[in-house]
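For reference, the structure discussed in these notes is given below.
Labels below follow one simple rule: chain letters A, B, ... track the order of the sequence lines, proteins then strands, and each chain is numbered from 1.
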2 protein chains.
Amino acid sequence: MPTALYSQQDRLLVAVDCIIFGFTGNELKALLVKRLFEPESGKWSLMGGFVKENESVEAAATRVLGQLTGLTDIYMEQLFCFGDVQRDPGGRVISVAFFALIKIDDYSEELMAEHYAGWFPLNKIPALVFDHKNMIKLAKQRLKEKAATHPIGFALLPRKFTLQQLQGLYEAIYETSLDKRNFIRKIHSLNILRKLDEKDKESSRKGAFYYVFDRDKYNQLDKEAIQFL
Amino acid sequence: MPTALYSQQDRLLVAVDCIIFGFTGNELKALLVKRLFEPESGKWSLMGGFVKENESVEAAATRVLGQLTGLTDIYMEQLFCFGDVQRDPGGRVISVAFFALIKIDDYSEELMAEHYAGWFPLNKIPALVFDHKNMIKLAKQRLKEKAATHPIGFALLPRKFTLQQLQGLYEAIYETSLDKRNFIRKIHSLNILRKLDEKDKESSRKGAFYYVFDRDKYNQLDKEAIQFL
DNA sequence: GCAAAAGTGTTTTGTCTACACCCATGA
DNA sequence: TCATGGGTGTAGACAAAACACTTTTGC
């Protein structure tokens with residue numbers, strides 16, 4: 001019985017918390033839920049849960065994301081382990097934070113109501129339980145770093161999107177405005193988009209061509225070092 | 001008694017493991033120890049320990065580093081939480097890995113013997129217990145990323161060093177060779193070094209001037225975005 | 001005087017930035 | 001025909017990369 005080897009050691013509660021980002025076309029938002037149990041019941045919170053004995057930490061995060069969104073195959077990345085002794089007044093809990101990117105339209109109104117969830121613009125995050133605000137801050141920073149060198153922005157956009165949507169996304173992530181021509185030149189030079197014949201006629205009379213992210217083309221690149229911005 | 005709130009949840013063993021890097025003048029090395037307890041007693045391992053109930057995860061890492069090196073005030077950074085169910089055959093243990101940089105000369109032979117420790121070049125790491133090899137791999141990668149934008153290399157060099165030592169360090173980190181003139185120009189343009197009057201006469205007849213890292217000058221810069229390479 | 005490492009500039013190349021007008025279409 | 005967003009090119013600034021010879025000094 002191998003566990004006996006470590007029987008003298010303290011055991012801790014281990015949680016996961018998920019920072020879920022979505023993009024509306026104008027701004028980046030985070031998905032928050034009302035906490036329905038003590039302590040701090042009734043306050044806004046990240047979606048989280050405890051890691052079980054027979055479950056890996058990543059599996060716990062996937063499970064929690066699935067519970068809230070009904071989605072599988074979500075872009076998800078481990079962010080940081082928050083391990084302060086006093087971070088949760090309900091007990092000694094260490095929490096591994098994950099950040100996830102979803103296509104905001106995939107998230108149904110029903111699920112939202114069911115979980116008492118809401119989307120909040122990143123600069124209008126309400127008071128949150130524990131250290132969750134720090135988690136969001138760190139996630140935002142990590143998103144910037146990551147999006148600069150890896151094509152993760154596509155996880156936030158619909159399957160087909162216009163170049164202006166893509167640019168708007170990067171502008172939201174970097175909280176800046178970009179020159180249209182320079183941006184498009186840069187993206188095209190990476191050669192990871194495929195232009196469709198179809199146009200989006202929603203937002204202009206002329207219509208803007210849709211593009212899709214071409215995973216095959218991307219996979220041919222050296223995955224570690226493409227430079228978006 | 002607030003802990004009762006979460007009493008239904010599983011509790012896990014939580015460990016920390018430290019990847020300790022040092023630099024000899026030619027190559028980057030990692031400090032490993034012989035594991036003296038079961039399971040896998042006798043194999044090489046990272047230095048680690050369990051997180052206690054009343055200790056933060058970072059504090060546990062600092063404690064473990066202090067035990068092995070006798071040093072305080074070590075550069076240390078959280079790397080990643082390894083949470084697979086089967087990663088440790090001795091039980092369900094999740095491990096938060098940290099990477100640390102030390103000046104290799106600060107680490108005494110006596111401590112080394114006492115802990116059955118040894119320095120290993122990064123491309124000659126022996127078989128290690130559990131997932132420790134993955135931890136080193138990830139740490140190496142993180143060191144590259146971090147050193148490109150933050151002046152952490154100084155934590156690996158003696159207080160005073162020559163420009164060739166500094167260049168040698170970056171060459172070791174990036175596993176490449178750099179042009180001497182371009183490198184020096186770049187470093188000088190960052191304006192974070194102070195030249196001493198003293199010369200190192202060990203490695204040449206002419207002698208090379210010593211420099212020190214000037215933390216004051218560095219602190220005046222925008223800490224998030226300097227570009228080394 | 002010679003071997004061995006230290007120190008020092010210039011040119012070329014490529015990348016990033018700033019900038020403004022015509023196009024296509026539906027109403 | 002006009003209002004709206006879509007689409008396109010060029011010139012200048014700046015940073016990165018390539019490249020070789022002279023200096024110092026202990027032996």
Side-chain angles (χ1 to χ4, degrees), chain A residues 24-26 144 147-149 157-158 160-212 221-222 225-229, chain B residues 24-27 144 147-149 151 157-158 160-212 221-222 225-229:
Chain A
T24 56
N26 310 303
K144 282 189 195 183
T149 48
L157 291 173
K160 59 186 183 183
F161 49 85
T162 66
L163 292 176
Q164 350 303 317
Q165 282 178 286
L166 185 60
Q167 180 176 345
L169 172 60
Y170 278 87
E171 289 179 335
I173 293 174
Y174 293 102
E175 301 174 284
T176 184
S177 64
L178 299 171
D179 180 89
K180 184 165 54 160
R181 285 166 291 187
N182 293 339
F183 177 79
I184 289 172
R185 183 186 310 117
K186 186 65 179 275
I187 294 293
H188 278 152
S189 77
L190 295 172
N191 199 36
I192 52 176
L193 293 186
R194 207 172 59 240
K195 191 178 189 171
L196 302 182
D197 282 334
E198 195 184 350
K199 276 187 167 184
D200 163 38
K201 311 281 284 192
E202 301 288 309
S203 60
S204 80
R205 310 196 190 286
K206 183 175 176 180
F209 281 105
Y210 280 120
Y211 288 76
V212 293
L221 299 175
D222 192 11
I226 77 176
Q227 194 63 26
F228 275 79
L229 287 188
Chain B
T24 57
N26 311 303
E27 45 183 6
K144 283 188 196 183
T149 49
L157 290 172
K160 58 185 184 185
F161 49 84
T162 65
L163 293 176
Q164 351 304 317
Q165 283 178 285
L166 185 60
Q167 181 177 344
L169 172 60
Y170 278 86
E171 289 179 335
I173 293 174
Y174 292 101
E175 300 173 285
T176 184
S177 64
L178 300 170
D179 181 89
K180 185 163 56 161
R181 287 166 290 187
N182 292 339
F183 178 78
I184 290 171
R185 183 186 311 116
K186 186 64 177 279
I187 294 293
H188 279 152
S189 78
L190 295 172
N191 199 36
I192 52 177
L193 294 185
R194 208 173 57 241
K195 190 179 190 172
L196 303 182
D197 283 335
E198 196 183 349
K199 277 188 167 183
D200 163 39
K201 310 282 284 192
E202 301 287 310
S203 61
S204 79
R205 310 199 189 287
K206 184 176 177 180
F209 280 104
Y210 279 119
Y211 288 77
V212 292
L221 299 175
D222 193 12
I226 77 176
Q227 194 63 26
F228 275 79
L229 287 188

Next on the checklist: Tell me the closest heavy-atom pair linking G207(B) and K201(B), and the distance in Å.
Outcome noted: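 That would be CA-CD, 4.0 Å.
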Output the distance between atom [atom1] ([X]) and atom [atom2] ([Y]), rounded to the nearest 0.5 Å.
{"X": "I184(B)", "Y": "D179(B)", "atom1": "CD1", "atom2": "CG", "result": "9.0 Å"}
{"X": "D200(A)", "Y": "K206(A)", "atom1": "CG", "atom2": "NZ", "result": "13.5 Å"}
{"X": "T162(A)", "Y": "K199(A)", "atom1": "OG1", "atom2": "NZ", "result": "12.0 Å"}

Is there side-chain contact between [X] and [Y], with heavy atoms separated by less than 4.5 Å?
{"X": "H188(A)", "Y": "L163(A)", "value": "yes"}
{"X": "Y211(B)", "Y": "Q165(B)", "value": "no"}
{"X": "F228(B)", "Y": "I226(B)", "value": "yes"}

Next on the checklist: For chain B and DNA chain D, what are the first and last nucleotides along the strand, 5' to 3', with at least one atom under 4.0 angstrom from a heavy atom of the protein chain?
Outcome noted: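 For DNA chain D, the relevant span reads dA16(D) to dC27(D).
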Checklist entry - On a plain distance test, is the side chain of K206(A) in donor-acceptor contact with the base of dA24(C) below 3.5 Å? => result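 Between dA24(C) and K206(A), which were checked side chain against base, a qualifying N/O pair under 3.5 Å is absent.
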Without decimals, in angstroms, what is the distance between [X] [atom1] and [N] [atom2]?
{"X": "K195(B)", "N": "dA6(C)", "atom1": "NZ", "atom2": "P", "answer": "13 Å"}
{"X": "K201(A)", "N": "dC23(C)", "atom1": "NZ", "atom2": "C1'", "answer": "13 Å"}
{"X": "K199(A)", "N": "dA24(C)", "atom1": "NZ", "atom2": "P", "answer": "9 Å"}
{"X": "E202(B)", "N": "dA4(C)", "atom1": "CD", "atom2": "P", "answer": "18 Å"}

Next on the checklist: Can you work out whether I184(A) or S203(A) has the more 5'-proximal nearest nucleotide on DNA chain D?
Outcome noted: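 Of the two residues, S203(A) wins.
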Item to check | F183(A) and Y170(A) aromatic ring geometry - parallel, tilted or perpendicular at 30°/60° bounds | outcome: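 Answer is tilted, since the angle falls between 30° and 60°.
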Next on the checklist: Within the 4.0 Å limit for protein heavy atoms, which parts of nucleotides 12-22 of chain C are touched? Write it as a string from 5' to 3', B for base, S for sugar-phosphate only, - for none.
Outcome noted: ----SBBBB--
